[in-house]
Amino acid sequence: MGIDGCSLSTRLGWHIVQGEEIGHWVAERVAGKFFAEGSSAIGLQKDGVTVAGVIYENWNRQSIFCHIAIEGRMTKAYLKAIFDYPFNVCQVKKIIVPVVSSHAKSIKLVTKMGFIEEARIVDGSQDGDIIFLTMTKENCRFLGVCYG
């Protein structure tokens, strides 16, 4: 906490937000659609401009699908929030991130976060294979003390 009771990231213009606006922002960047009913979206804004967002959908009590878009930096608090929601709020055992094999930057991002390839649908997209990368709560480093 800062001296005035606000977190340092808030005082510097960072805000974690959620809602349909974030869902549509992410969907535009991942060539998808956002359906508010049955989906959730969490975003990060810097001085009122969205710089990162995730969509969670297809929750089945065991797993949840996640789509991630980033156009800037992410904060530790944001990383904690986007992993806290599926693992601690939704109580899923696994997050599933589908990525097209031709999107090297996306694959690099999610593998750096700790997701691992679990399945692949060959020629599942016009741009290549669809790779399903997953993460379990036990393997999530963003829920630890450093991110709290």
Side-chain angles (χ1 to χ4, degrees), residues 6-137 139-143 146-148:
C6 294
S7 70
L8 181 61
S9 60
T10 300
R11 289 187 317 177
L12 295 177
W14 296 98
H15 296 280
I16 298 171
V17 296
Q18 56 186 48
E20 286 188 45
E21 178 185 322
I22 298 300
H24 293 296
W25 185 90
V26 174
E28 280 181 23
R29 284 149 183 81
V30 299
K33 298 277 187 199
F34 177 72
F35 301 98
E37 188 175 316
S39 299
S40 295
I42 302 172
L44 179 65
Q45 294 182 337
K46 170 72 169 147
D47 298 324
V49 177
T50 302
V51 295
V54 297
I55 295 173
Y56 295 103
E57 63 183 1
N58 298 325
W59 173 67
N60 67 10
R61 294 181 170 36
Q62 190 76 3
S63 64
I64 196 165
F65 276 76
C66 177
H67 306 278
I68 305 169
I70 297 169
E71 290 186 352
R73 288 184 33 202
M74 291 184 289
T75 64
K76 286 183 177 186
Y78 180 69
L79 286 165
K80 178 171 178 27
I82 65 172
F83 288 100
D84 180 71
Y85 177 77
F87 289 129
N88 295 325
V89 175
C90 297
Q91 296 287 310
V92 298
K93 294 184 180 177
K94 189 173 283 193
I95 302 171
I96 303 166
V97 176
V99 180
V100 176
S101 60
S102 61
H103 296 169
K105 285 176 70 175
S106 296
I107 294 168
K108 182 178 179 179
L109 170 73
V110 296
T111 54
K112 191 173 180 177
M113 288 177 156
F115 287 86
I116 58 169
E117 182 175 335
E118 187 166 326
R120 181 183 289 250
I121 299 175
V122 176
D123 297 325
S125 168
Q126 290 179 332
D127 296 330
D129 301 346
I130 298 176
I131 304 169
F132 291 94
L133 297 110
T134 64
M135 179 188 293
T136 61
K137 184 175 183 178
N139 293 326
C140 181
R141 71 179 189 270
F142 301 106
L143 298 177
C146 177
Y147 289 84

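These figures come from a predicted structure and were not determined experimentally.
Here the closest heavy-atom approach between residue Ile131 and residue Arg120 is recorded as CD1-NH2, 3.4 Å. Of all the heavy atoms in Trp25 and Gly53, the pair that sits closest is CZ3-N, 3.6 Å. Pairing each heavy atom of Val100 with each of Gly128, the nearest pair is CG1-N, 4.2 Å. Summarising the geometry of Ala27 relative to Ile55, their closest heavy-atom pair is N-CD1, 3.9 Å, with the distance given to 0.1 Å. Counting all heavy atoms, side chain and backbone alike, Phe87 lies closest to Thr136 at CZ-C, 3.5 Å. Nearest heavy-atom pair across Ser106 and Val99 is CB-CG1, 3.7 Å.
The structure places CZ of Arg61 at 13.5 Å from NZ of Lys93, a figure rounded to the nearest 0.5 Å. With rounding to the nearest 0.5 angstrom, the NZ atom of Lys137 is 8.5 Å from the CG atom of Asp84. With rounding to the nearest 0.5 Å, the separation of CD in Glu118 from CE in Met135 is 12.5 Å. In this structure, CD1 on Ile95 lies 6.0 Å from SG on Cys66, to the nearest 0.5 angstrom.
Between the side chain of Arg29 and the backbone N or O of Ile68 there is no donor-acceptor pair closer than 3.5 Å. The backbone N or O of Gln62 sits less than 3.5 Å from a side-chain atom of Asn60, completing a donor-acceptor pair. Checked by atom type and distance alone, the side chain of Thr111 pairs as donor or acceptor with a backbone atom of Lys108 at under 3.5 Å. Distance alone, capped at 3.5 Å, places no donor-acceptor pair between the Tyr78 side chain and the Gln45 backbone. Trp14 places no side-chain N or O within donor-acceptor distance of the main-chain N or O of Thr75, the cut-off being under 3.5 Å. Within the 3.5 Å criterion, the main-chain N or O of Asp127 finds a donor-acceptor partner in the side chain of Ser102. The closest donor-acceptor contact from the side chain of Asp129 to the backbone of Asp123 lies under 3.5 Å.
Summarising the local packing, CD of Glu21 is surrounded by 12 or fewer heavy atoms from other residues, nucleotides or ligands at distances under 6.0 Å.
Ring-plane geometry between Phe132 and Phe65 is classed as perpendicular, the angle between the planes exceeding 60 degrees on a 0 to 90 degree scale with a lower cut at 30. Ring pair Phe115/Phe83 is tilted by interplanar angle, where 30° to 60° counts as tilted.
Using a 4.5 Å heavy-atom cutoff, the side chains of Glu57 and His67 are in contact. Side-chain contact between Ile22 and Phe34 is absent, with no heavy atoms from C-beta onward closer than 4.5 Å. A heavy-atom distance below 4.5 Å is found between the side chains of Thr134 and Ile116. Looking at Met113 and Cys140, their side chains never come closer than 4.5 Å, going by heavy atoms from C-beta outward. Looking at heavy atoms from C-beta onward, Thr50 lies out of side-chain contact with Glu71 at the 4.5 angstrom threshold.
Screening Leu79, Ile82, Val51 for a side-chain contact (heavy atoms from CB on, under 4.5 Å) involving Leu44 leaves a single residue, Val51.
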**Request:** Check the pair Tyr56, Cys90 against side chain to side chain contact (heavy atoms under 4.5 Å, CB included), reporting the backbone distance first and the verdict last.
**Result:** CA-CA 10 Å; Tyr56 295 103; Cys90 297; over 6 Å; no
